[in-house]
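What follows is a single structure, written as structure tokens, with notes after it.
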Amino acid sequence: MPRRPAAPAILPARQALRIVTWNINSVRLRRPLLAELVRHLDPHVICLQETKCPDEHFPLEEIRAFGFPHVAHRGMKGYNGVAVLSRLPFAIRHDDPNWCAKNDCRHLGVELDVPGGPLELHDFYVPAGGDEPDPAANPKFAHKLDFLAEATAWMLGRGPARRSVMLGDLNVAPLEHDVWSHKALLKVVSHTPVEVAAMAAWMAAGQWHDAVRHFVPAEEKLYSWWSYRAKDWEAADRGRRLDHVWCSQDLAGALTRQHILKPARGWPQASDHVPVLVELAL
DNA sequence: ATGGTTGAAAATCAA
């Protein structure tokens with residue numbers, strides 16, 4: 001096995017910071033793929049969603065052994081769950097909102113210790129919203145819209161984001177070419193106009209910048225998720241871009257790279273989402 | 001075309 005020396009605890013001056021978001025769909029089942037992710041992308045920080053792991057069962061020591069001594073996790077039995085794995089020290093933010101008063105482990109905020117001062121980092125797992133895009137008929141869709149509205153109001157109240165990164169499985173594909181067929185998905189949860197508008201309002205509330213589309217023209221197809229239900233996900237290529245990385249305007253000039261690790265969808269026992277990397281020269 | 005697959009859990013439920 002190839003070996004690489006562990007990254008230093010402090011990010012060296014002028015080394016770009018690599019941050020990954022990944023809906024891992026069970027952190028316990030996919031621990032080996034986490035090591036594979038590290039081998040391919042060598043990130044300093046990994047933000048996970050859908051860990052599906054109560055805190056008392058989180059595989060902490062194994063993950064530390066992958067080279068991530070600093071770990072925060074917020075999990076529950078069966079569903080949801082987020083985690084931040086880091087080579088660099090961070091402080092957990094404890095006063096972020098309890099979204100929709102549900103205590104359902106969909107958000108973890110940290111202050112990352114990087115050169116030039118702390119970087120605020122928010123890891124989100126937005127409700128998927130069920131199948132029927134009607135909040136009156138489908139409580140899950142109502143929850144999704146409520147969640148998006150609360151997050152928007154919170155960010156409006158805080159003012160424009162500064163020195164911040166906002167990422168995660170946001171479960172909305174906002175642009176026409178964030179889905180395989182804009183027309184076919186207009187009434188499919190994740191791409192309905194009401195969700196797209198809600199996401200646009202959220203982005204505008206913090207004056208966030210799309211750090212991935214920064215590098216990829218809006219006219220180009222770009223996905224981070226492919227359904228398990230396709231016979232051949234790669235041949236059909238009916239994907240959606242549900243996973244996002246946003247940065248505050250003051251960091252837009254620091255963006256140096258994005259990478260969506262599409263081959264991860266073909267790994268054995270893959271998640272239906274693939275890791276998304278953004279690199280910032282802070 | 002309303003299917004199809006996966007994970008955690010043990011009823012199915014959520015995605």
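Below, read A as the first sequence line, B as the second, and so on, with proteins coming before strands; counting in each chain starts at 1.
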Whole-Å gap separating [atom2] ([N]) and [atom1] ([X]):
| X | N | atom1 | atom2 | result |
| --- | --- | --- | --- | --- |
| A:Asp104 | B:dA15 | CG | P | 10 Å |
| A:Lys187 | B:dT2 | NZ | P | 17 Å |
| A:Trp233 | B:dT6 | CH2 | P | 14 Å |
| A:Leu33 | B:dG7 | CG | P | 10 Å |
| A:His273 | B:dT6 | NE2 | C1' | 11 Å |
| A:Phe141 | B:dA15 | CZ | P | 13 Å |
| A:Glu195 | B:dA15 | CD | C1' | 14 Å |
| A:Asp169 | B:dA14 | CG | P | 17 Å |

[M] and [N], which share atom name [atom1], separated by this distance in whole Å:
| N | M | atom1 | value |
| --- | --- | --- | --- |
| B:dG3 | B:dG7 | P | 22 Å |
| B:dA1 | B:dA11 | C1' | 31 Å |
| B:dA8 | B:dG4 | P | 23 Å |
| B:dT5 | B:dA9 | P | 22 Å |
| B:dT2 | B:dT12 | P | 25 Å |

- According to a strict under-4.0 Å criterion, is A:Arg30 in side-chain N/O contact with OP1 or OP2 of B:dG7? yes
- Message: Taking the nucleotide of DNA chain B with the nearest heavy atom to each, does A:Gln269 or A:Pro127 sit closer to the 5' end?
- Response: A:Gln269
- Starting from the 5' end of DNA chain B, give me the residue, A:Gly129 or A:Ala230, whose nearest nucleotide shows up first.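 It is A:Ala230 whose nearest nucleotide is closer to the 5' end.
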- Does A:Arg74 come within less than 4.0 Å of A:Asp123, counting only side-chain N to carboxylate O? no
- Query: Quick one: does A:Leu255's side chain get under 4.5 Å of A:Val245's, heavy atoms only?
  - Reply: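 No. Closest side-chain heavy atoms not under 4.5 Å.
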- Flag the pair A:Phe147 / A:Arg106 as yes when at least one side-chain heavy-atom distance between them is below 4.5 Å, and no otherwise.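 Of all side-chain heavy-atom pairs linking A:Arg106 with A:Phe147, at least one is under 4.5 Å.
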- Message: Classify A:Lys231 by what it touches in the nucleic acid, base, sugar-phosphate, or nothing, heavy-atom distance under 4.0 Å.
- Response: nothing
- Base, sugar-phosphate, or nothing: which does A:Arg265 touch, judged by heavy atoms less than 4.0 Å apart?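 Since no nucleic acid heavy atom lies under 4.0 Å of A:Arg265, the category is nothing.
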- Query: Under 3.5 Å, is there a donor-acceptor pair between the side chain of A:Gln207 and the main chain of A:Gln249?
  - Reply: no
- Does the side chain of A:His44 pick up a donor-acceptor pair with the side chain of A:Gln15 at under 3.5 Å? yes
Under 3.5 Å between N/O atoms: give me all the protein pairs with nucleotides 8-10 of chain B, atom names plus distance.
{"residue": "B:dA8", "atom": "OP1", "partner": "A:Ser26", "partner atom": "OG", "Å": "2.0"}

- Summary of salt bridge (charged side-chain N to carboxylate O under 4.0 Å, His left out) pairs that have at least one residue in residues 185-198 of chain A, sequence neighbours excluded: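 Salt bridge (charged side-chain N to carboxylate O under 4.0 Å, His left out) check on residues 185-198 of chain A returns A:Lys144-A:Glu195.
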- Query: Taking the side chain of A:Arg229 as its heavy atoms from C-beta onward, which of B:dG4, B:dT6, B:dA1 lies nearest to it?
  - Reply: B:dG4
- What residues, two or more places apart in sequence or in another chain, satisfy salt bridge (charged side-chain N to carboxylate O under 4.0 Å, His left out) together with A:Asp55? none
- Query: Is it true that the NZ or CZ of A:Arg87 lies under 6.0 Å from the centre of A:Phe68's six-membered ring and within 45 degrees of the ring axis?
  - Reply: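 Output yes; distance and angle both within limits.
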